[in-house]
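In what follows, a structure is listed as C-alpha cells, so that the remarks can point back to it.
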Amino acid sequence: MDPFIEINAIRKGLADGEYSSAEITKFYLDRAKKLNSQLNSFISFCEEQAIEQAKNADNKIAEGSSGPITGIPLAHKDIFCTKGITTTCGSRMLENFVAPYDATVVERLNKAGAVTIGKANMDEFAMGSSNENSYFGNTSNPWDTDRVPGGSSGGSAAAVAAGMIPIATGTDTGGSIRQPAAFCGISGLKPTYGRVSRYGMIAFASSLDQAGVLGRSVADICLLLSQFGGPDVLDSTSHPIPDNWLSSNPKLNPTKPEAKITIGLPREYFDQTPNLKSVEIAMRVFENAGCILKEVSLPSTESAIPAYYIIAGAEASTNLSRYDGVRFGYRCQDPESLSDLYQRSRNEGFGKEVKRRILTGTYALSVGYYDAYYLKAQKIRRLIQQDFLEVFNKVDLILCPTSPGVAFKKGALSENPVEMYKQDIFTIPSSLAGLPAMSIPCGFQNNLPIGMQLIAPHFAERKLIEWGHYFQSLTDWHKKVPELS
Ligand code: GLN
C-alpha cells in the first residue's frame, strides 16, 4: 500500500472492500513504529484502542452506516486530552497524566469513526518553533533528519510528511500548524479563533490557541475539519453560529471557484523574505487563474512579535500556575515544606523555555509593569487587527510566505531565543488578529520544502479551502514525498 495516499482514496479503498480499516490501521501503526526510531514523531502509540476503533469502523462500513471519515487512521498532537491515554503536552510535568475525558476535538472525531493510532510529539506546552523543546526529545524533519520539523506541532507534521499517518490534528497559537507544515512540505490550516472548541486542549495562551489540521492536501484537511468544528457548550469562546458550508461535508471540485478574487500581497512581508522565488511563482499561478494581485500594506507588522511574546507569555504564566505539584502533574520527591513542594515540582517539571515564558509573562503582568508591557501589547494587537480588517475591505485573501526560511539545522537557533522567536514573523500577525490561515507547499530550496501562506477574513475558511484546493489541482508540490530509508 502507498503510505502517502490521500484520504479520499483511502475511503474508496474501504468502500470497495480493497482493505479493511483494521488492515490499514495495522499498516500505519507498523510503519509509524518503525520510522519512529528515526524521526521521533510520536510520544505514544495506542495500538489496542486503535484496533478496537478500526474494528468498530469496519462494522459500520459493512452495515452501510459509515460517515466521511469512518475508519481513517489519524494522530493527535499530544496537547489534546484523550481519555485513558497519556496526554503529556511534551512536558515532564504531565509525563504520566491520563485525562479523565476526551477533548471535544477528539470526542467528535471518535464519534465520526476516526481511528487514533497515537499521540504526536510537540514542543513543551506548545512553546517553540522547532520541536526542540519537547521533554521527549527532538523530532527530525523527514526531508533531512539533521534538521528540525518546525514547531510546535512538529511531531504531527513530520508524521504526515513521512507517511506514518495520513492526517493529524495540531494546534496553532502563533504559527504552530503553519510553520511545521511549511518545513515538512505538507498543508496545514489554522482556523478562525473560535471555529473549533478548545475544550480539553491543554491551554498555552487562551486568547490565541486554536485547533486545526495538518494533512497531505487541502481536500483532506477540509474533510477532517468538517467533522470537528462548530460551536460547543463546553467552550464559551467557540463561535455560536455553525458554518453550514463546512459542516455539510463539502465536495470540492478541482475547477476554479466561481467568484473572481483579489489577492493582497503585504509589502512588509515581502520586504524581508530571502526565499521569495517559490512564492512568486505561486503568485503567477493565481494570476493565470484570473485572480487580481494587489500590493497592500500591514504597517503594524514589525510590532507583532514583541506584542505576541508579551501576550502569550502573560497568558501562559496564568494558565500554567495550575501545575503546582498538588492537584495533578509532576510532584517532587520528599518535599520539606509546602513552598518547597511548589518550587521544586515546578522547577523539575518544567523545561527551560516554559520557565522563560512564565518569568517574562509574570513580569509583564506585575503591578509596576502592566501598563508598560501588557497593556501596550494589547493596544498593538488591536492595531494589527485593524490593519487586516482594512486590507480585507480591498482584497479577498492575503498571500505571503509562511516562514522566512526553510527548515533549519537542529541546534542552530536553540541557544538564541530571540532569533527563534523571529521565525514566527509571518504567522503571528494573523494569529493576533484571530484570522484563519493556511500553509500550502509551493516549492523547494536545496531539496527542502517551502510553504506559502493564505490568510482569509474571519470565518472565511471556505475561500481558503476552495482556492487552496484549486491551487493544488494546478500544481504538484503537495505530492512530493521525502525519501526515507
Ligand atoms: N513559535 C511560537 C511560540 O513559541 C508559536 C507556538 C504556537 O503556535 N503554539 O510561541
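Just follow the structure's listing: the first ligand is 1, and inside any ligand the first atom is 1.
- A donor-acceptor pair shorter than 3.5 Å can be found between the side chains of Ser207 and Glu315.
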Can I get a per-line list of side-chain donor-acceptor pairs under 3.5 Å for residues 119-136, giving both atom names and the distance, sequence neighbours left out?
| unit_1 | atom_1 | unit_2 | atom_2 | d |
| --- | --- | --- | --- | --- |
| Lys119 | NZ | Asp78 | OD1 | 2.8 |
| Lys119 | NZ | Phe80 | O | 3.0 |
| Lys119 | NZ | Thr82 | OG1 | 2.8 |
| Lys119 | NZ | Thr86 | O | 3.3 |
| Lys119 | NZ | Thr87 | OG1 | 3.0 |
| Asn121 | OD1 | Ser134 | OG | 2.7 |
| Asn121 | ND2 | Asn40 | O | 3.1 |
| Asn121 | ND2 | Gly137 | O | 3.0 |
| Asn121 | ND2 | Thr139 | OG1 | 3.2 |
| Asp123 | OD1 | Asn131 | N | 3.0 |
| Asp123 | OD1 | Glu132 | N | 3.2 |
| Asp123 | OD1 | Asn133 | N | 2.9 |
| Asp123 | OD2 | Asn131 | N | 3.0 |
| Glu124 | OE1 | Gly351 | N | 3.0 |
| Glu124 | OE2 | Ser91 | OG | 2.7 |
| Glu124 | OE2 | Gly351 | N | 3.2 |
| Ser129 | OG | Asp424 | OD1 | 3.2 |
| Ser130 | OG | Glu132 | N | 3.2 |
| Ser130 | OG | Glu132 | OE1 | 2.7 |
| Asn131 | OD1 | Gly154 | N | 3.0 |
| Asn131 | ND2 | Thr139 | OG1 | 2.9 |
| Glu132 | OE2 | Gly411 | N | 2.6 |
| Asn133 | ND2 | Met127 | O | 2.7 |
| Ser134 | OG | Met122 | O | 3.4 |
| Ser134 | OG | Phe136 | N | 2.9 |

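- Using a cut-off of 4.0 Å between Lys/Arg side-chain N and Asp/Glu carboxylate O, Arg198 and Asp235 are scored as salt-bridged.
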Under 3.5 Å, sequence neighbours excluded: what are the donor-acceptor pairs made by side chains of residues 366-374?
| unit_1 | atom_1 | unit_2 | atom_2 | d |
| --- | --- | --- | --- | --- |
| Ser366 | OG | Tyr363 | O | 2.6 |
| Tyr374 | OH | Gln378 | NE2 | 2.7 |

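- Qualifying salt bridge (charged side-chain N to carboxylate O under 4.0 Å, His left out) partners for Asp232, counting only residues two or more places apart in sequence or in other chains: none.
- Closer than 4.0 angstrom to ligand 1 sit non-hydrogen atoms from Ala126, Met127, Gly128, Ser129, Ser152, Asp172, Thr173, Gly174, Gly175, Ser176, Phe204, Tyr308, Tyr309, Arg357, Asp424.
- Using a 4.0 Å cut-off between charged nitrogen and carboxylate oxygen, Lys277 and Glu280 do not count as a salt-bridge pair.
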